[in-house]
Participant: 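Take this structure, written in structure tokens, and hold onto it; I'll ask about it next.
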Amino acid sequence: MMPGLMSRRQYPFHLIEPKWQQHWDAEQTFRAWNPSDAVPASHPFAQRHGADAMSPEKIAAGQAPGKFYILDMFPYPSGAGLHVGHPEGYTATDILARYRRSQGRNVLHPMGWDSFGLPAEQYAVKTGQHPRVTTEANIANFTRQIKSLGFSYDWSREVATTDPGYFKWTQWIFLQIYNSWFNPETNKAEPISTLKYPDALAWPEGVTGVVVAQAPPPVTSPAGAPACCPPELEAKRRAYVDSKRLAFVSEAPVNWCPELGTVLANEEVIDGKSEVGGFPVIRKPMRQWMLRITAFAERLLADLDTIDWSDSLKEMQRNWIGRSEGAEVDFKLDGHAAKIRVFTTRPDTLFGATYMVLSPEHKLLAQITTPEQAEAVKKYQEFATTKSDLERTELAKEKSGVFTGAYAINPVNGEKIPIWIADYVLATYGTGAIMAVPAHDERDFEFAKKFNLPINQVVIPKDLKGGAIGPLEAPFCEEGVAFESPSHGWRLEDMNLPKDQQRLPWDFSPPDINGLPTAEAKAKITAWLESKGLGQKTVNFKLRDWLFSRQRYWGEPFPIIWKKGADGQLYHEALPESALPLLPPTLEDYKPTADGQPPLARAKEWLHLLDGSIRETNTMPQWAGSCWYYLRYLDAKNAAGFVGKDVESYWMGTAASARSSVASGQSEHSTLKTENSGTTPGVDLYVGGTEHAVLHLLYARFWHKVLFDLGHVSTAEPFYKLVNQGLILGSDGQKMSKSRGNVVNPDDVIGEFGADAFRLYEMFMGPLQDTKPWNTQGVEGVYRFLGRVWRAFVDEASETDYEQAAAAHGDSATFLGQIQLSAAIQDVPATPAQLKTLHTCIKKVTEDLEGLRFNTAISSMMVFINDAMGWEVKPASVYRTFVQLLAPFSPHLAEELWAKTNTKFGIQNVSLSYAPWPTFDPARLVETEIEFPVQVNGKLRDVIRIQVDASKETIEQMVLKSEKAQQFLEGKTVKKIIIVPKKLVNIVVG
RNA sequence: GCCGGUGUGGCGAAAUGGCAGACGCACGGGACUUAAAAUCCCGGGAGCCUCAAAACUCGUGUGGGUUCGAGUCCCACCACCGGCACCA
């Protein structure tokens, strides 16, 4: 920006903003206070609430200020610096934080850094510079930028996920998860010590073992297990425990991204490509750490009903969790003892199952495939498993598959149906096998058409009277009425076969579901299957366990070591808590090793422990640190625990908080707001982008539930209310990107218009949740508004003096004091009209803040100033109240004007940030006479002035006399007159 | 394909079922100024008719419906945005 072209400043924001930022820093204005904190008497919080406000007595008596926890999604400190999307959410939360503070709440509004991440590591691979150096430089830049916006963060609680003092506790929480199992009977996570061994793994009678002290101690083994012989049994017991842990090792096909050199969670793969960078992802079997999030699927789903999130976000999580109810059904095989179990959501269509499909990975394939088909099946399996997810998606247009040569018996009608394999059946969902009902399933229909398999219709639409059924053009997948169900293929000839050759017993009687609506048919056939021992009702989820390890350097190392058991097999063991934090080793080279090991494997000394055990070389994914950072803010410096108990229960807990699907057994459609305190359990408001819908927000809820079950936190859910800010697009309506050249740098905007204008513009653009394009001229608009506010307050002549001084001696904050308040601002009573203008504004701003409607709050302040700037005499009380309304939005300017009025009128130095929020007085809005629209048949014809309290009769008379209305009444009869008090009147004529 | 959301001036938008377009941008006109910038004031939905104004007609994606009255509620459809996508 060339200075010569820069227009004159609307007001000296370049001096005002740093001045107040320094003041807030020095005063620690925005410190949030924990229980038992002694508040310094000089602090404005103490001046408002008393120095003993947070004493245990006051908290116990419910006399401490209510908490308000308002949280931003902490940023990854990238090298590119802040973009305009960050301050959108941050400004919204800051406005609300300042508003609640002025309402008397103890506001917790923290900021920190999600600082583990790939870019710093990639830079390290290229340059050899330690990621910590890059990360710290980026954090410093982000801090500078964020501070320049004047947010009311409590910086004393700043956290960075890369700090050893932080990730010590990330590792500690991992160990809590590792040392837990999910008890299906209580539907809760429990310490692994409560796990009971099956009888087969019980210690033989009389065996007593000496517990051998090990380094590290066996924190993981269930109580009572002697740590000695017999070794085979010990290994089996260990394997059993390890198979139940919430953190477990699994060897399975995973998402491998060669470009990134790491595996990825399902949530991080989009359309077969990595969410970061968009690189291809392939399936590859690998040994990886998993977290058993699937055990919590039901609760993660049900508890969505207890929190205040947007419908679309809840729906995204619901879809991702993907609950579906159905039945598992066993099919006998023709000529084999084995059975194949399938999962179906439509057991009512069992009569229409004309073939079966197994996933190419199905375990029984080797056993059942006939010799003639073996070659083809093998080829198909190879074809299917080597395809990447991306190729799979692309090939999805055309169905493919191979016949195994084997047959299954349909349990309801004895029909022999062919068994195929096809990649449209997934190994990882349900049982990895389906019964195909081509008449009533899109995919089965397509497959049947392609391979010429029979299609039997067994459901008809409700409104269709039976009979008129021809060959199906398309599958009928909706609910309907069961039809001709028992008749298809019912093999009467079976009754004539010798008993051992019968596919079904001769007295076998399938249920008659004909004519039943789908729901009833499902229930009846499922009950029948259960009674015959052929199947049962089942619930399936799409959610998969969380793949938790990454082949990276710049992440939390696992506090896990590997040892060799007596049987020669490796097994894992947790490090003791005293070994935390486990730091990553120092490396020269951050690349993976030549043989494909993670970079940590390069550090030979770090890797091998003295006792011969080896460290885990994988690291945790970036999501680990963000799973609990909102808890660390509560007690950021606590060295003895991840968070103090009292502190946690003050900020997160309330009486209503323990409610969850576990306690109640079912979801509750209730807002959790507690009656007396007005506070909510968990984080009161969480604002961030929608990109974390099924990543961070799902993972954090999962960890929180584990911590809740183990008694470490007081609420079942971490985030009570969540709002997604909308995307800010470039001025061309496209997403901002370097390649488009439409990126707006916040530093430039602040330099030209100031932080207050920047904040105000981001809020004025439109509703917080909406996507909206950036418009620089729009910034100028709100900047002009702030200029008008300034000029409404200050004396023009003194400002000219200031400018001359600044021009002569250089710009300096010391000259700011030369600017005087306008002489029009006087300590006089306000007129009713002025009070009406003010209270209209108070009402609107207050209501809009409650509803997070910042754009309309701002427009009401514009309306106020457009009126108030023209007043010849400006009552100081009215002007000061307006400053309070403006303060949450544009705090620097508000502080400056507040201070100037303090000085002029000798008002004791009341901190603006803690001054009580203005109350709206309805009496100030009462009018005696109002404009009253007159409609004829719903069309506006006239506006008359009437007394507010005019009777209906008076109004009727006045309205009928209205000249303009008269024209439309001529020659017609008035049928009725509808009078809506204080709104309008409508004359209905015929 | 499925799920969710959104459709209002040239643009961002506003309207508990009650005067559509508040507020802002852009644009046009005026005041101030030697001039410009800045500032202040005024005007802008479309059509029709006018020298001009008044008046009138139409108007919130499309088509129906409910209502004295619909941007708002109901039904059907269209378009766009976001998410999921062979999950049986």
Participant: Have a look at A/Lys844 and say if it touches a base, only the backbone sugar-phosphate, or nothing, with a 4.0 Å heavy-atom cut-off.
Facilitator: nothing
Participant: Please state the C1' separation for the pair B/C74 and B/C19 - nearest whole angstrom.
Facilitator: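 Each nucleotide's C1' atom is 26 Å from the other's.
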Participant: Taking OP1 and OP2 of B/C58, is either one under 4.0 Å from a side-chain nitrogen or oxygen of A/Lys939?
Facilitator: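 Result: yes.
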Participant: Looking across every strand, which nucleic acid part, if any, lies under 4.0 Å from A/Thr690 by heavy atom: base, sugar-phosphate, or nothing?
Facilitator: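 Touches nothing.
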Participant: Give me the one residue out of A/Thr837, A/Thr840, A/Leu838 that meets side-chain contact (heavy atoms from CB on, under 4.5 Å) with A/Asp867.
Facilitator: A/Thr837
Participant: Nearest whole Å is fine: how far is B/A85 P from A/Lys273 NZ?
Facilitator: 14 Å
Participant: Rounding to a whole Å, what distance do you find between A/Gln734:CD and B/C81:C1'?
Facilitator: 13 Å
Participant: For B/G71 and B/A13, measure between their C1' atoms and round to the nearest Å.
Facilitator: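 Here B/G71 and B/A13 have their C1' atoms 14 Å from each other.
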Participant: Under a 3.5 Å cut-off for both distances, is B/G4 Watson-Crick or wobble paired, and to whom?
Facilitator: B/C81
Participant: Between B/G69 atom P and A/Arg941 atom CZ, what is the distance in whole Å?
Facilitator: 14 Å
Participant: Taking for each residue the nucleotide of RNA chain B with the nearest heavy atom, is it A/Gly938 or A/Met765 whose nucleotide lies nearer the 5' end?
Facilitator: A/Met765
Participant: Could you give the CD-to-P distance, from A/Glu799 to B/A38, as a whole number of Å?
Facilitator: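 A/Glu799 atom CD is separated from B/A38 atom P by 16 Å.
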Participant: Any side-chain N or O of A/Asn855 less than 4.0 Å from the OP1 or OP2 oxygen of B/G24?
Facilitator: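 So the side-chain polar atoms of A/Asn855 never come under 4.0 Å of the phosphate oxygens OP1 or OP2 of B/G24.
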Participant: Under a 3.5 Å cut-off for both contacts, is B/U33 paired Watson-Crick or G-U wobble with anything, and if yes, with which nucleotide?
Facilitator: none
Participant: Does OP1 or OP2 of B/C84 have a side-chain N or O of A/Gln317 closer than 4.0 Å?
Facilitator: no
Participant: Syn or anti for B/G44, please, going by whether the chi angle lies within 90° of 0.
Facilitator: syn
Participant: With rounding to whole Å, what would you report as the distance between B/C84 and B/G45 at their C1' atoms?
Facilitator: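 Going atom to atom, C1' in each nucleotide, I get 40 Å.
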Participant: Looking only at atom P, what distance separates B/G4 and B/C75, rounded to whole Å?
Facilitator: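 One P to the other, the span is 13 Å.
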Participant: In a check of ring-ring contact (aromatic ring centres under 6.0 Å, His included) between A/Tyr424 and each of A/Tyr429, A/Phe447, A/Phe445, which one passes?
Facilitator: A/Phe447
Participant: Please report the distance separating the C1' of B/C48 from the corresponding atom of B/C42, rounded so that it comes out in whole Å.
Facilitator: 26 Å
Participant: Just the rounded figure in Å: distance from P of B/G83 to NE2 of A/His692.
Facilitator: 14 Å
Participant: Heavy-atom count around A/Glu850 CD within 6.0 Å, excluding the residue itself: above 12?
Facilitator: yes
Participant: Taking atom CD1 of A/Ile419 and atom NE2 of A/His362, what is their separation to the nearest 0.5 Å?
Facilitator: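 Reported value, rounded in 0.5 Å steps: 9.0 Å.
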Participant: How long is the straight-line distance from OH of A/Tyr699 back to CH2 of A/Trp546, given to the nearest 0.5 Å?
Facilitator: 6.0 Å
Participant: Establish, with yes or no, whether the OP1 or OP2 oxygen of B/C81 is under 4.0 angstrom from a side-chain nitrogen or oxygen of A/Lys772.
Facilitator: no
Participant: Starting at atom CG of A/Asn866, determine the distance to atom P of B/C25, rounded to an integer number of angstrom.
Facilitator: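 Taking CG of A/Asn866 and P of B/C25, I get 10 Å after rounding.
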Participant: Is there a Watson-Crick or G-U wobble partner for B/C58 with both distances under 3.5 Å, and which nucleotide is it?
Facilitator: B/G45
Participant: Counting only heavy atoms from other residues, nucleotides and ligands, does the tally under 6.0 Å from CD of A/Glu796 exceed 12?
Facilitator: no
Participant: Please work out if A/Met869 contacts a base, only the sugar-phosphate, or nothing of the nucleic acid, heavy-atom cut-off 4.0 Å.
Facilitator: sugar-phosphate
Participant: Syn or anti for B/G9, given that syn means the glycosidic angle lies within 90° of 0?
Facilitator: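 Glycosidic conformation of B/G9: syn.
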Participant: Any salt bridge linking A/Glu325 with A/Lys522? Criterion: basic side-chain nitrogen under 4.0 Å from a carboxylate oxygen.
Facilitator: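 So A/Glu325 does not pair with A/Lys522 through a salt bridge.
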Participant: Roughly how far apart, to the nearest Å, are B/C25 and B/A76 at atom P?
Facilitator: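 These two P atoms come out 43 Å apart once rounded.
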Participant: Whom does B/C86 pair with, Watson-Crick or G-U wobble, provided both distances fall under 3.5 Å?
Facilitator: none
Participant: So what does A/Gln935 touch, heavy atoms closer than 4.0 Å: a base, only the sugar-phosphate, or nothing?
Facilitator: base
Participant: Quick one: A/Ile858 CD1 to B/C25 P, roughly how many Å, whole number?
Facilitator: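 To the nearest whole Å, that distance equals 13 Å.
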Participant: Can any side-chain N or O of A/Arg323 pair as donor or acceptor with the backbone N or O of A/Ile321 at less than 3.5 Å?
Facilitator: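 No, the answer is negative, given that no donor and acceptor are paired below the 3.5 Å cut-off.
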Participant: Figure out the CZ/P separation between A/Phe476 and B/A88, and round it to whole Å.
Facilitator: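 Distance, rounded to whole Å: 18 Å.
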Participant: Distance check, C1' atoms only: B/C78 and B/G64, in whole angstrom units.
Facilitator: 15 Å
Participant: Select base, sugar-phosphate, or nothing to describe what A/Val980 touches, counting heavy atoms under 4.0 Å on all strands.
Facilitator: base
Participant: Specify the residue among A/Gly781 and A/Glu315 whose closest nucleotide of RNA chain B lies further upstream toward the 5′ end.
Facilitator: A/Glu315
Participant: Considering every strand and a 4.0 Å limit on heavy-atom distances, what is the contact class for A/Ser312: base, sugar-phosphate, or nothing?
Facilitator: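 A/Ser312: backbone/sugar contact only, no base atoms under 4.0 Å.
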Participant: Tell whether A/Asn986 reaches the base of B/C68 with its side chain through a donor-acceptor pair below 3.5 angstrom.
Facilitator: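 Such a pair exists between side chain and base.
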Participant: Counting only distance, no hydrogens or angles, is the base of B/C86 paired donor-acceptor with the side chain of A/Lys399 under 3.5 Å?
Facilitator: yes
Participant: Taking the C1' atom in each of B/G61 and B/C80, what is the distance between them to the nearest angstrom?
Facilitator: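 After rounding to an integer number of Å, I get 10 Å for this pair.
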Participant: Within the structure shown, what part of the strands sits under 4.0 Å from A/Arg318 by heavy-atom distance: base, sugar-phosphate, or nothing?
Facilitator: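 It contacts nothing in the nucleic acid.
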Participant: For B/G69, give its Watson-Crick or G-U wobble partner with both distances under 3.5 Å, or none.
Facilitator: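 Pairing partner: none.
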Participant: Can you check whether A/Arg9 has a side-chain N or O nearer than 4.0 Å to OP1 or OP2 of B/U39?
Facilitator: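 So the side-chain polar atoms of A/Arg9 never come under 4.0 Å of the phosphate oxygens OP1 or OP2 of B/U39.
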